[in-house]
Amino acid sequence: MKIPHTFTIVFSLVILCAVATWFVPGGEFARETVEIDGATRSIVIGDSFQYTESNPQTWQIFTAFFNGFKRTAHIIAFIFMLGGAFWILNATNAINIGISGFLKSTEKLQKNRFLNKIGVNNIVIALIMIVFSLFGAIFGMSEETIAFIIIFVPLAISMGYDSVTGVLMCYVAAHVGFGGAMLNPFTVGIAQGLAGLPIFSGIEYRTLCWIILTAITIAFTLWYANRVKKNPKRSFMYEIDSYWRQKAAETEKVHEVQKSSWATWAVYGVISSVLVYCSFTFTYSTITIGNSTISAMLFPVIAALFIPFGFYSAYKSVHSYILSLLLLTVVILIVGVLGYHWYVGEIAGLFFAMGVASGLAYHHTFDKIIRLFLDGCKDIMNAALVVAIGGGIIIILEDGQIIDTILYGISQTMANAGEVGSVGAMYFIQTVLNLLIPSSSAKAVLTIPMMAEFSDIIGVSRQLTVLAYQLGDGFTNMITPTSGVLIGCLGIARVPYSKWLKFFFPFLCILVVIGFLLLLPPLFFQFNGF
């Protein structure tokens, strides 16, 4: 059986949604504007649903691609800029040389009996996943994972695994952390504000949820990774991964480590000067984690560390210096997101600057850098186009005026279901709705006001309602074709959506069941905040 192209699958969903607008009656909720955590949001008014005249979609299936392009333009531009920037970086062979050095280091660690028994690679995978899961749980890392796929997929291949293992290490880890978050401002923060709860209250039980979900995800990843390593042909990506294996073979070749040229030192001087300028302009940076704020001299510290470290790296080789630029980029990314609320625009600009600086440090001309950037954009174009058509699915449902009707219809299933049944229904609604609306904040303003009122009626804690929303929001994002982040990550990893769905769906079912089980203890036992 021939597996359809991802574009074919997603466009078929557009047609299916258009057909649904002919049979599902139109409807809408009344909305009001409120201010939550300094931001103005339009929220649903409970018990305000009314049926409206339907608006069946016909030829709009052909404009859905264009309108989806407009709706997801920020993600598409983000993907193009990352693809181009990393193509420039890859042309320097710095990542290949860095991976080779890393693998040699792990081979040395294997000589330690204790580490050898546990498995150095197992430790590496677990540590990487814990870090990304924390990023998802603390500041809601999502779009940022696209930038790391290009690093961890080649690393996974070089370690003897497959491209899916690389996706599990960063993308899945971050999104499981996103689902079981303790301090995620985009889910927990907004939902608790809408429900009238103290922001980030109930953090103790949420931390327990995060630990359980992260541990299960790491165990699954290690099981799958070691299964593939024992027999690479058992990977469903074995044939397709020939592209990455060829790249890995190039990594294993002896690359000539080049000494730094005057261009490398010039880039080092410019970046050091910029960091010194930022140290005086942004002397103190305020990091917000939950209700806690920390004001620290982050840029002065970054400058003080990078200037000698960058000098030493440039002295060793141009490749070492370019890797130090990549590390600097990741550090500034974390500071920018936590301290200055950066989003995809600022992050894309940061990585674009890294790509240009890497090319210049390698003594490429501007013309060469532009050509490399365009080659990277061409290579990633398929993923960007699928993101666009995925955005068209949401537009068809909204223009057909059936989103609110679907929500209202599903919500009726909660009537007379009892506490356990009602909590399960809330969780089910959020899980299913996530397939249509992958935006966590949009889903919060659409559902939490109604769910909070309903929980008061049946005597269920509003905190539990928020937890049901949070867990329901976190998992199905990892299979829905309407998620630009998922399609972007799969596109960069060269994993067909159909193969990913077949592979990941069984584990997704496990996560969904565990999520439901985690909702039960607060119903029967007293937890702080619940």
Side-chain angles (χ1 to χ4, degrees), residues 2-11 75-76 78-91 93 95-96 99 125 128 132 143-175 221 224-225 228-229 232-252 351 355 372-390 478-481 483-505:
K2 186 177 180 181
I3 299 174
H5 190 277
T6 303
F7 199 100
T8 304
I9 296 173
V10 178
F11 189 71
I75 297 295
I76 294 171
F78 183 61
I79 291 173
F80 274 130
M81 292 185 72
L82 283 178
F86 274 99
W87 199 268
I88 299 170
L89 181 66
N90 288 336
N93 280 322
I95 290 182
N96 290 339
I99 289 175
I125 291 174
I128 291 172
F132 276 90
E143 288 84 355
E144 298 87 345
T145 53
I146 298 175
F148 293 95
I149 287 291
I150 199 64
I151 298 173
F152 287 106
V153 168
L155 176 62
I157 295 291
S158 298
M159 293 168 71
Y161 307 122
D162 63 356
S163 55
V164 168
T165 305
V167 176
L168 290 169
M169 286 165 65
C170 58
Y171 169 78
V172 171
H175 279 72
T221 302
Y224 175 76
V228 169
K229 191 162 187 175
K233 291 187 178 180
R234 296 188 72 177
S235 167
F236 68 96
M237 288 294 297
Y238 181 74
E239 294 181 1
I240 301 174
D241 276 348
S242 59
Y243 169 86
W244 293 112
R245 287 195 297 273
Q246 184 179 351
K247 291 283 187 182
E250 294 175 1
T251 300
E252 292 175 358
F351 278 97
L372 288 170
F373 180 81
L374 293 177
D375 287 341
C377 291
K378 292 175 186 176
D379 186 66
I380 206 65
M381 184 173 63
N382 282 347
L385 294 180
V386 174
V387 169
I389 192 64
M478 292 182 280
I479 63 164
T480 174
S483 170
V485 180
L486 169 66
I487 299 301
C489 286
L490 294 181
I492 292 175
R494 297 175 180 267
V495 177
Y497 172 76
S498 53
K499 285 185 173 290
W500 172 257
L501 182 63
K502 183 178 180 180
F503 161 76
F504 194 73
F505 187 76

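- Here Thr221 contributes atom OG1 and Tyr161 contributes atom OH; the two are 11.0 Å apart, rounded to the nearest 0.5 Å.
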Under 3.5 Å, sequence neighbours excluded: what are the donor-acceptor pairs made by side chains of residues 143-152?
{"unit_1": "Glu143", "atom_1": "OE2", "unit_2": "Tyr343", "atom_2": "OH", "d": "3.0"}
{"unit_1": "Glu144", "atom_1": "OE1", "unit_2": "Ser142", "atom_2": "N", "d": "2.9"}
{"unit_1": "Thr145", "atom_1": "OG1", "unit_2": "Ser142", "atom_2": "O", "d": "2.5"}

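- With sequence neighbours excluded, no residue satisfies ring pair (Phe, Tyr, Trp, His ring centres under 6.0 Å) with Tyr243.
- Under the 4.5 Å side-chain criterion, counting only non-hydrogen atoms from C-beta, Cys377 is not in contact with Met81.
- Proximity of Trp244 to Met237: side-chain heavy atoms (C-beta onward) are nowhere separated by under 4.5 Å.
- Side chains of Val485 and His175 form a contact here, defined as non-hydrogen atoms less than 4.5 Å apart.
- In this structure, the side chain of Arg245 engages the main chain of Tyr238 through a donor-acceptor pair within 3.5 Å.
- For Ser163, the side-chain hydrogen bond (donor to acceptor under 3.5 Å, both in side chains) partners are Asp241, not counting sequence neighbours.
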Start with the C-alpha distance between Arg234 and Val228, add both sets of side-chain angles, then the distance that settles side chain to side chain contact (heavy atoms under 4.5 Å, CB included), and finish with yes or no. CA-CA 6 Å; Arg234 296 188 72 177; Val228 169; 5.7 Å; no
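- Shown here are the ring pair (Phe, Tyr, Trp, His ring centres under 6.0 Å) partners of Phe504, two or more places apart in sequence or in another chain: Trp500, Phe507.
- With sequence neighbours left out, Ala85 forms a side chain to side chain contact (heavy atoms under 4.5 Å, CB included) with no residue at all.
- The distance from the CG atom of Leu82 to the CZ atom of Phe80 is 11.5 Å, given to the nearest 0.5 Å.
- In this structure a side-chain-to-backbone donor-acceptor pair under 3.5 Å is present from Ser242 to Glu239.
- For Val167 against Ala493, the heavy-atom pair with the smallest separation is CG2-CB, 3.7 Å.
- For residues 372-387, the salt bridge (charged side-chain N to carboxylate O under 4.0 Å, His left out) pairs, not counting sequence neighbours, are Asp379-Arg494.
- A distance of 7.5 Å separates CG in Leu486 from OG1 in Thr480, rounded to the nearest 0.5 Å.
- In this structure, CD1 on Ile157 lies 12.5 Å from CD on Gln246, to the nearest 0.5 angstrom.
- The nearest pair of heavy atoms linking Leu385 to Phe7 is O-CE1, 4.0 Å.
- In terms of heavy atoms, Ile487 sits closest to Pro481 at CG1-O, 3.7 Å.
- In this structure Tyr497 satisfies the ring pair (Phe, Tyr, Trp, His ring centres under 6.0 Å) test with no other residue, sequence neighbours excluded.
- Considering every non-hydrogen atom in both Ala388 and Ile76, the closest pair reads CB-CD1, 3.7 Å.
- By the side chain to side chain contact (heavy atoms under 4.5 Å, CB included) test, Phe236 pairs with Val164, Tyr224, Lys499, Phe503, sequence neighbours left out.
- Nearest heavy atoms, Gly166 versus Ala156: N-CB, 3.6 Å.
- With rounding to the nearest 0.5 Å, the separation of OG1 in Thr8 from CD1 in Ile389 is 10.5 Å.
- Annotation: side-chain hydrogen bond (donor to acceptor under 3.5 Å, both in side chains) contacts of Thr165 (sequence neighbours excluded): Asp162.
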